[in-house]
Amino acid sequence: MNPLVDQIVSWIMVFSGSLIPALIIVFLIGLTGLKEITKYEAYNTFFYKLNPVTKFIFLIAVIALISTTIWWIGAIFSSILLFSFLTLKDGVKRFSYASFLFISSLLGGTWDTAPFLSYQALQRAFPNQNFTVIWVFPSYFTVMGYDKELTLQALFFALQVSFRVAPLILSGLLFVMTTSTAEIFRMFTKVKVPIPITFSVLVGVRTIPRIFELLDTSVKMQYIRGLGYGKPKFVQSLLIVEAIFLAIVPTIVYLFKGAKNMGISAATRGFMAYPKRTSLEELKFTRLDYYFFVIIALIIAVAIIANILGFGRTISTAGGF
C-alpha cells in the first residue's frame with residue numbers, strides 16, 4: 001500500500017477510536033441523557049424499595065464477580081444489568097441511554113487497550129496461536145506507546161477487558177439512580193463511616209447530575225443567543241461540541257457558587273455540631289431485601305464455582321481472560 005495512505009489511515013484510526021465513543025455520548029445520549037442516568041428520582045419498583053445497604057452489598061458482589069471470573073460472565077451479567085434499567089422510572093428512555101453508554105464504553109475501552117498490547121502479553125493470553133495482523137502502524141507510532149502491529153487477538157483481548165468495566169458502570173448507575181442522598185447518608189451512618197467521608201460522597205453524588213444540568217443549560221443559552229444562526233442544520237448540530245467547550249467555565253463558576261451555598265446551608269443546620277447524629281427514619285431490612293440477599297449469595301456462588309471450574313481471571317491455555 002502507498003506509504004502516504006498508510007499514514008492517513010493510521011491517523012484516522014487513532015482519532016476515530018476515541019472520537020466515535022465521544023460522539024455516541026454527545027449526540028446519542030447528550031447532556032440531558034447523562035443527567036437522567038446520574039440522578040435520583042423517586043419511584044416504587046423493585047430497586048427503589050431495597051435497603052441502600054443491600055444495594056451497596058450487591059455492588060460489592062458485582063465487583064467481586066467481574067474481577068475474578070472470565071470475560072463472558074461479565075458480558076452475560078452486563079446484559080442482565082442493562083435490562084434492569086427497564087424497571088426504573090422512565091425505564092425505556094433510561095435503558096436507551098444506558099445502552100448507548102454501554103456501547104461507548106466497550107468501543108472506547110477496546111481501542112484504549114488494543115493498540116498498546118505487546119506481543120509478549122498476547123503470547124501469554126493466546127499461546128501457540130498464529131496472530132492475525134489486521135494493520136501495521138508507521139514505526140514512529142511506537143513513541144506514543146502503540147505496538148507496531150494491530151492484531152485480531154489484541155482487539156479480542158481488549159474487548160474482554162472492556163467487559164470487566166461495563167458491569168461496574170451499569171451497577172453503579174443503578175445504585176445512584178435508585179438511592180436518595182438521605183438514604184445514602186443513613187446507610188453510611190449505619191455502617192459507621194466517618195461523617196466527613198459521608199459528606200464528601202454525598203456532595204459527589206449530588207454534584208455529578210448538577211454538572212450535566214449546568215452544562216445543558218449553558219449550551220442551550222448559547223443557541224438561544226444565536227450560536228449557529230443561519231447555518232445548515234448539520235453544522236448547527238456539530239457546533240454543540242464548541243458549545244460544550246465554551247460552557248465549561250460558566251459551569252465551574254456556578255459549581256463554586258453552589259459549593260459555597262451548600263457549606264453555608266450545612267453550617268446553619270448544625271452539621272457535625274455533635275459527634276453522632278440521630279435519624280427520624282431508621283433503615284430496616286424488608287422481606288424484599290432478604291430475597292435479594294439470596295441473589296447476592298448466588299452471584300458469589302457463581303464466582304466461586306467459576307474459579308473452581310477454571311473460569312477464573314487467570315489467563316488460561318484456551319486464551320480466556
Side-chain angles (χ1 to χ4, degrees), residues 1-26 62-79 81-82 99-172 302-321:
M1 187 178 289
N2 190 306
L4 179 59
V5 175
D6 287 347
Q7 301 275 346
I8 295 173
V9 173
S10 296
W11 280 106
I12 290 175
M13 292 173 64
V14 170
F15 288 113
S16 62
S18 301
L19 187 61
I20 291 176
L23 291 177
I24 291 175
I25 293 176
V26 172
V62 171
I63 295 173
L65 174 68
I66 302 307
S67 62
T68 59
T69 56
I70 199 168
W71 70 272
W72 51 261
I73 294 179
I76 294 172
F77 206 76
S78 296
S79 301
L81 289 172
L82 196 58
S99 299
F100 290 135
L101 184 63
F102 175 69
I103 294 171
S104 176
S105 66
L106 287 184
L107 293 177
T110 299
W111 183 253
D112 286 343
T113 304
F116 303 98
L117 291 172
S118 65
Y119 179 77
Q120 291 75 16
L122 292 174
Q123 275 189 320
R124 292 179 58 202
F126 305 97
N128 304 320
Q129 290 191 24
N130 295 322
F131 293 167
T132 304
V133 178
I134 58 178
W135 188 255
V136 178
F137 290 105
S139 58
Y140 64 87
F141 270 55
T142 57
V143 177
M144 300 184 291
Y146 282 63
D147 195 78
K148 188 174 181 180
E149 294 181 341
L150 178 64
T151 64
L152 186 64
Q153 286 76 11
L155 290 174
F156 181 54
F157 188 94
L159 183 64
Q160 295 176 23
V161 175
S162 299
F163 271 118
R164 292 182 177 277
V165 178
L168 305 183
I169 296 174
L170 295 175
S171 57
V302 168
I304 295 173
I305 294 172
N307 279 272
I308 293 174
L309 296 178
F311 298 112
R313 64 176 301 198
T314 53
I315 300 172
S316 68
T317 55
F321 177 81

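Keep in mind that what you see is a predicted model, and the values were worked out from it rather than measured.
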Review point. Is there side-chain contact between F141 and V14, with at least one heavy-atom pair below 4.5 Å?
Key: yes
Practice item. Kindly say whether T69 contributes a backbone atom to a donor-acceptor pair with the side chain of R164 at under 3.5 angstrom? Key: yes
**Study point:** F15: partners by side-chain contact (heavy atoms from CB on, under 4.5 Å), with sequence neighbours left out
**Key:** W11
Practice item. Quick one: closest heavy-atom pair of D147 and F137, and the distance? Key: O-CD1, 3.6 Å
Check your understanding: Looking at the rings of W111 and F116, which for Trp means the six-membered one, are their centres under 6.0 Å apart?
Key -> no
Review point. Can you list the residues that meet the side chain to side chain donor-acceptor pair (under 3.5 Å) rule with S104, with sequence neighbours excluded?
Key: none
Practice item. Look at the side chain of S16 and the backbone N and O of L19, then say whether any donor-acceptor pair between them is shorter than 3.5 Å. Key: no
Exercise for review: Flag the pair V133 / L150 as yes when at least one side-chain heavy-atom distance between them is below 4.5 Å, and no otherwise.
Suggested key: no
**Study point:** Test item: side-chain donor near acceptor, W71 and S162, under 3.5 Å
**Key:** no
Revision key, fill the gap. Output for pair (E149 CD, L122 CG), nearest 0.5 Å, gives 10.5 Å
Point to revise | Residues S10, W135; criterion side-chain hydrogen bond (donor to acceptor under 3.5 Å, both in side chains); working and verdict | key: CA-CA 8 Å; S10 296; W135 188 255; 3.0 Å; yes
Review point. Taking the inter-plane angle between the rings of F156 and F126 on a 0 to 90° scale, is it parallel (under 30°), tilted (30 to 60°) or perpendicular (over 60°)?
Key: tilted
Exercise for review: Return yes if some donor-acceptor pair links the side-chain N/O of Q153 with the main-chain N/O of T132 below 3.5 Å, else return no.
Suggested key: yes
Check your understanding: Do I134 and T151 have side chains that get closer than 4.5 Å, going by heavy atoms?
Key -> no
Exercise for review: Grab the two heavy atoms, one from S78 and one from G74, that are nearest each other, plus how far apart they are.
Suggested key: OG-O, 2.7 Å
Revision key, fill the gap. Of all heavy-atom pairs linking L106 and A166, the shortest is CD2-CB, 4.4 Å
Check your understanding: Under 4.5 Å between any side-chain heavy atoms of Y146 and M13, yes or no?
Key -> no
Exercise for review: Mark yes or no for whether T113, through its side chain, and T110, through its backbone, hold a donor-acceptor pair below 3.5 Å.
Suggested key: no
**Study point:** Beyond-backbone contact of F131 with L152, side-chain heavy atoms, under 4.5 angstrom
**Key:** no
Practice item. Please report the closest heavy-atom contact between L65 and F77, naming both atoms and the distance. Key: CD2-CD1, 3.9 Å
Point to revise | Distance (rounded to the nearest 0.5 Å) between I169 CD1 and L82 CG | key: 12.0 Å
